[in-house]
Amino acid sequence: MKYWIERWSQLRKKELMTYPNEFPVHDVYRTICSHEELKNGFQGLHEIFMHCYEDILNDPAGMLLPIYDMDEYGYFSREARTSREESYKYAKIFYVLGYSGEWKPNGELWIQADKLKEQCKALKITNIGAFLNKLGNYGIVTEGLVNGKLKNNTDIIVSYPDNKDVIAVLYILAVKSNSTNRFTDFCRLNYKLFENDWSTIEYGKGVDAVSDFFHSEQDRTTAQLIHEELIKRNYFYDFQDWNEGPQIRYYKREGDRNRNTNADFWLTSMDTEFRFYFRIKTMDKVLEYIKSCPENVISNFMSGDNGCANRISGACVSGISYQLNDKTVWRCGCCNPNFQVTPSIDDYLYYINAVEMAGNKKK
């Protein structure tokens with residue numbers, strides 16, 4: 001992988017939601033298509049999105065996207081940030097087509113060119129005509145362009161002759177996402193957008209805001225159990241977002257939650273992989289308990305790291321050092337909580353118990 005756009009487009013591809021064979025569809029959408037037609041259209045749209053991201057990975061310049069070398073530009077550079085945003089480009093184009101258009105029963109979207117230009121400007125999409133021509137590679141047909149460009153005071157017609165249900169689904173998901181401010185759900189083709197009417201969202205208010213990204217059913221179940229356990233133990237929680245994915249942070253005090261400080265646990269999707277972060281400031285009270293845990297849990301506590309620049313300079317105040325089974329372990333805690341694991345149904349309680357037993361108070 002050479003360019004930042006490839007790195008972020010790879011993540012966009014991984015973020016496309018895994019969907020079950022059967023999922024609920026609100027009656028309001030069945031006035032447009034039958035349940036089976038919507039499922040068929042959704043599958044077709046999912047395949048188009050998948051192919052788009054694959055083509056970006058294989059030929060980003062050919063997909064009209066910027067190429068900034070990862071060796072030349074660092075993670076926090078303007079170029080890397082631009083690439084993250086540009087990785088949403090084709091999803092944005094589908095999005096703006098869907099909610100700007102008027103759906104027709106024959107499987108067409110009729111879109112006023114002036115309205116589309118206005119919406120593209122709001123989403124910072126330039127040269128829309130060139131991108132519409134690119135969509136022809138995926139079977140999307142655009143009629144009404146003049147020399148490959150939008151002309152004022154005209155209409156364009158967007159269709160997908162191979163499967164008209166794809167356009168119906170594009171229209172429904174884009175309008176629903178736009179009306180409920182769920183753009184990222186559209187980018188991820190979240191099938192739960194079909195659950196309620198045009199203006200109602202009931203999902204994504206609990207652990208599913210993170211666990212829906214996981215590709216393993218066991219990971220989703222473990223995350224649910226962790227969330228329920230921490231709520232039972234009276235933790236407060238709030239939602240955060242990284243470039244690499246969403247997370248839930250858990251706090252022992254409501255005031256800490258409101259200030260976003262001193263979170264004991266983070267339940268995180270890291271590039272769609274399950275990561276459970278937790279913070280222990282001193283190990284004195286918990287070492288004997290850890291020694292009594294299963295071997296896989298002990299192994300996680302015996303795994304250390306080199307620390308960050310603060311350790312090298314001697315300015316680190318967040319890292320911890322301890323001895324476990326005759327091994328000296330260093331765990332950095334400057335940027336993130338100092339432990340991270342991928343727990344299972346069988347061992348997640350040991351990590352929660354260790355944090356609570358330690359008490360998380362400095363000496």
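This is a predicted model, so every value here is computed, not measured.
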S.K.: Quick check on the 6.0 Å ring-centre criterion: do Tyr99 and Tyr95 meet it?
M.R.: yes

S.K.: Give a yes or no on this: more than 12 heavy atoms of other residues, nucleotides or ligands lie within 6.0 Å of atom CZ of Phe49.
M.R.: yes

S.K.: Going from CE on Met283 to OH on Tyr322, what distance comes out if it is rounded to the nearest 0.5 angstrom?
M.R.: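 Here the interatomic distance stands at 4.5 Å.
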
S.K.: Could you check Asp155, Asn153, Thr154 and say which one makes a side chain to side chain contact (heavy atoms under 4.5 Å, CB included) with Asp114?
M.R.: Asn153

S.K.: Please evaluate residues Ile352 and Phe278 with respect to the criterion side chain to side chain contact (heavy atoms under 4.5 Å, CB included), reporting the C-alpha separation (whole Å), side-chain torsions for both, the decisive distance (0.1 Å), and the verdict.
M.R.: CA-CA 8 Å; Ile352 296 175; Phe278 54 92; over 6 Å; no

S.K.: Atom OG of Ser303 and atom CG of Leu324: how far apart are they, to the nearest 0.5 Å?
M.R.: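 Between atom OG of Ser303 and atom CG of Leu324 there are 11.5 Å.
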
S.K.: Does the side chain of Val141 come within less than 4.5 Å of Pro161's, by heavy atoms?
M.R.: yes

S.K.: I'd like to know if the side chain of Lys134 reaches the main chain of Gly62, judged simply by a donor and an acceptor atom lying under 3.5 Å from each other, with no hydrogens or angles considered.
M.R.: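 Between the backbone of Gly62 and the side chain of Lys134 there is a qualifying donor-acceptor contact (under 3.5 Å).
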
S.K.: Judged by atom type as modelled, is there a donor-acceptor pair below 3.5 Å linking the side chain of Thr31 to the main-chain atoms of Val28?
M.R.: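 Checked: pair present.
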
S.K.: Counting heavy atoms not belonging to Arg30, are there more than 12 under 6.0 Å from its CZ?
M.R.: yes

S.K.: In terms of side-chain geometry, is the basic nitrogen of Lys115 or Glu118 positioned less than 4.0 Å from the acidic oxygen of its partner?
M.R.: no

S.K.: Does the side chain of Leu170 come within less than 4.5 Å of Tyr160's, by heavy atoms?
M.R.: no

S.K.: Take atom CH2 in Trp110; do more than 12 heavy atoms of anything else shown fall under 6.0 Å from it?
M.R.: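 Not buried by this count: 12 neighbours or fewer within 6.0 Å.
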
S.K.: Are side-chain heavy atoms of Phe274 and Phe213 found at a separation under 4.5 Å?
M.R.: no

S.K.: If you define the side chain from C-beta out and look only at heavy atoms, does anything of Tyr73 sit under 4.5 Å from Ser83?
M.R.: no

S.K.: Any sub-3.5 Å donor-acceptor pair from Tyr29's side-chain atoms to Asn196's backbone N or O?
M.R.: yes

S.K.: Quick one, His227 and Tyr237 - any side-chain contact, counting heavy atoms below 4.5 Å?
M.R.: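 Touching, per the 4.5 Å side-chain cut-off.
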
S.K.: Does any non-hydrogen side-chain atom of Asp264 lie less than 4.5 Å from one of Leu230?
M.R.: no

S.K.: To the nearest 0.5 Å, tell me how far Ile248 CD1 sits from Asp208 CG.
M.R.: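 Rounded to the nearest 0.5 Å, the CD1-CG separation comes to 8.0 Å.
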
S.K.: Please lay out, stage by stage, how Lys192 and Glu202 fare under the test salt bridge (Lys or Arg N to Asp or Glu O under 4.0 Å).
M.R.: CA-CA 9 Å; Lys192 293 183 178 181; Glu202 292 183 349; over 6 Å; no

S.K.: Can you tell me if Asn152 has over 12 outside heavy atoms packed within less than 6.0 Å of its CG?
M.R.: yes

S.K.: Rounded to the nearest 0.5 Å, what's the gap from CD1 on Ile128 to CG on Asn133? Could you check?
M.R.: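 Here the rounded value is 10.0 Å.
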
S.K.: With Tyr191 as reference, evaluate Phe186, Phe23, Tyr19 under the ring pair (Phe, Tyr, Trp, His ring centres under 6.0 Å) test and give the passing residue.
M.R.: Phe23

S.K.: May I ask you to check whether Tyr351 and Phe339 place their ring centres under 6.0 Å from each other?
M.R.: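 So the answer is no for these two rings.
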
S.K.: When you measure from the side chain of Ser299 to the backbone N and O of Glu295, does any donor-acceptor pair fall under 3.5 Å?
M.R.: no

S.K.: So does Lys14 get a backbone contact from the side chain of His215, meaning a donor-acceptor N/O pair under 3.5 Å?
M.R.: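 A pair under 3.5 Å: yes.
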
S.K.: Does Asp305 form a side chain to side chain contact (heavy atoms under 4.5 Å, CB included) with Trp330? I'd like the steps, not just the answer.
M.R.: CA-CA 6 Å; Asp305 57 53; Trp330 172 270; 3.3 Å; yes

S.K.: How far does OG1 of Thr184 sit from CG of Asp241, to the nearest 0.5 angstrom?
M.R.: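 Result: 7.5 Å between the selected atoms.
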
S.K.: Please report the closest heavy-atom contact between Asp347 and Ser344, naming both atoms and the distance.
M.R.: OD1-N, 2.8 Å

S.K.: Looking only at heavy atoms, which two atoms of Ala168 and Cys33 are closest? And how far apart?
M.R.: CB-SG, 3.5 Å

S.K.: Using the rule that Ile, Leu, Val, Met, Phe, Trp and Tyr join whenever any side-chain heavy atoms are under 4.5 Å apart, tell me whether Tyr75 and Trp242 fall into a single cluster.
M.R.: no

S.K.: On a heavy-atom basis, which atom in Arg249 and which in Ala263 lie closest, and how many Å separate them?
M.R.: CB-CB, 4.0 Å

S.K.: Measure the spacing between CG of Asn338 and CD1 of Ile320 and express it to the nearest 0.5 Å.
M.R.: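 Answer rounded to 0.5 Å: 4.5 Å.
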
S.K.: Should Arg7 and Asp271 count as an ion pair when the cut-off is N to O under 4.0 Å?
M.R.: yes

S.K.: For Asp212 and Tyr203, test the side chains for any donor-to-acceptor distance below 3.5 angstrom and give the result as yes or no.
M.R.: no

S.K.: Do Glu228 and Gln224 get their side chains close enough for a donor-acceptor pair, meaning under 3.5 Å?
M.R.: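 Yes, a side-chain donor-acceptor pair sits under 3.5 Å.
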
S.K.: In terms of the angle between their ring planes, are Tyr88 and Phe183 parallel, tilted or perpendicular, with boundaries placed at 30° and 60°?
M.R.: tilted

S.K.: Taking C-beta and beyond as the side chain, do Thr180 and Asp185 meet within less than 4.5 Å on heavy atoms?
M.R.: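 No - every pair of side-chain heavy atoms lies 4.5 Å or more apart.
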
S.K.: With a 4.5 Å cut-off on side-chain heavy-atom distances among I, L, V, M, F, W and Y, is there a chain of contacts connecting Ile157 to Ile111?
M.R.: no

S.K.: Could you tell me whether the side chain of Tyr289 reaches within less than 4.5 Å of the side chain of Cys293, counting heavy atoms only?
M.R.: yes

S.K.: Does Lys252 make a cation-pi contact with Phe236, if we ask for NZ or CZ under 6.0 Å from the ring centre and within 45° of the axis?
M.R.: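 Pair Lys252/Phe236 does not count as cation-pi.
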
S.K.: Could you walk me through whether Thr82 and Trp4 pass side chain to side chain contact (heavy atoms under 4.5 Å, CB included), step by step?
M.R.: CA-CA 9 Å; Thr82 296; Trp4 278 114; over 6 Å; no

S.K.: Might you confirm whether atom CD of Glu244 has over 12 heavy atoms from other residues, nucleotides or ligands at distances under 6.0 Å?
M.R.: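 Yes, because the 6.0 Å sphere around CD of Glu244 holds more than 12 heavy atoms from other groups.
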
S.K.: Does Ser77 use its side chain to pair, donor to acceptor, with the backbone of Gly74 at less than 3.5 Å?
M.R.: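 At least one qualifying donor-acceptor pair exists.
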
S.K.: Count I, L, V, M, F, W, Y as connected when their side-chain heavy atoms are under 4.5 Å apart, and connections chain through other members. Are Met1 and Trp8 then in the same cluster?
M.R.: yes

S.K.: Are Glu37 and Lys164 ion-paired here, with the side-chain N under 4.0 Å from a carboxylate O?
M.R.: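 Result for this pair is no, no salt bridge flagged.
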
S.K.: Would you check if the side chain of Ser179 reaches a backbone N or O of Trp198 as a donor-acceptor pair within less than 3.5 Å?
M.R.: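 Pair found, side chain donor or acceptor close to backbone of Trp198.
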
S.K.: Between Ile280 and Phe301, is the side chain to side chain contact (heavy atoms under 4.5 Å, CB included) condition met? List the steps.
M.R.: CA-CA 11 Å; Ile280 297 178; Phe301 279 102; 4.1 Å; yes

S.K.: Do you know the tightest heavy-atom contact between Ser9 and Ile56?
M.R.: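 For Ser9 and Ile56, the tightest heavy-atom pair comes out as OG-CG2, 3.0 Å.
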
S.K.: Classify the side-chain pair Glu229/Tyr348 by whether it contains a donor and acceptor separated by less than 3.5 Å.
M.R.: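 Not at all, the side chains of Glu229 and Tyr348 share no donor-acceptor pair under 3.5 Å.
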
S.K.: Under 3.5 Å, side chain of Lys176 to main-chain N/O of Thr200, donor-acceptor pair present?
M.R.: yes

S.K.: Just by modelled atom types, is the Tyr68 backbone N or O under 3.5 Å from a matching donor or acceptor in the Glu72 side chain?
M.R.: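 The answer is no, because no donor-acceptor pair under 3.5 Å joins these two groups.
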
S.K.: Please name the residue in the list Tyr277, Tyr235, Phe276, Tyr250 that meets the ring pair (Phe, Tyr, Trp, His ring centres under 6.0 Å) test with Trp266.
M.R.: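 Exactly one pass, corresponding to Tyr277.
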
S.K.: If hydrophobic clusters are built by linking Ile, Leu, Val, Met, Phe, Trp and Tyr wherever their side-chain heavy atoms come under 4.5 Å apart, do Leu116 and Leu145 end up in the same one?
M.R.: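 Same cluster.
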
S.K.: Please tell me whether Leu11 and Tyr90 are part of a single hydrophobic cluster in this structure, the criterion being side-chain heavy atoms less than 4.5 Å apart.
M.R.: no

S.K.: Go through the side-chain N and O atoms of Glu108 and Asn106 and say whether any donor and acceptor fall under 3.5 Å apart.
M.R.: yes

S.K.: Looking only at atom types and distance, does a side-chain atom of Thr142 sit under 3.5 Å from a main-chain N or O of Val158, one as donor and one as acceptor?
M.R.: no

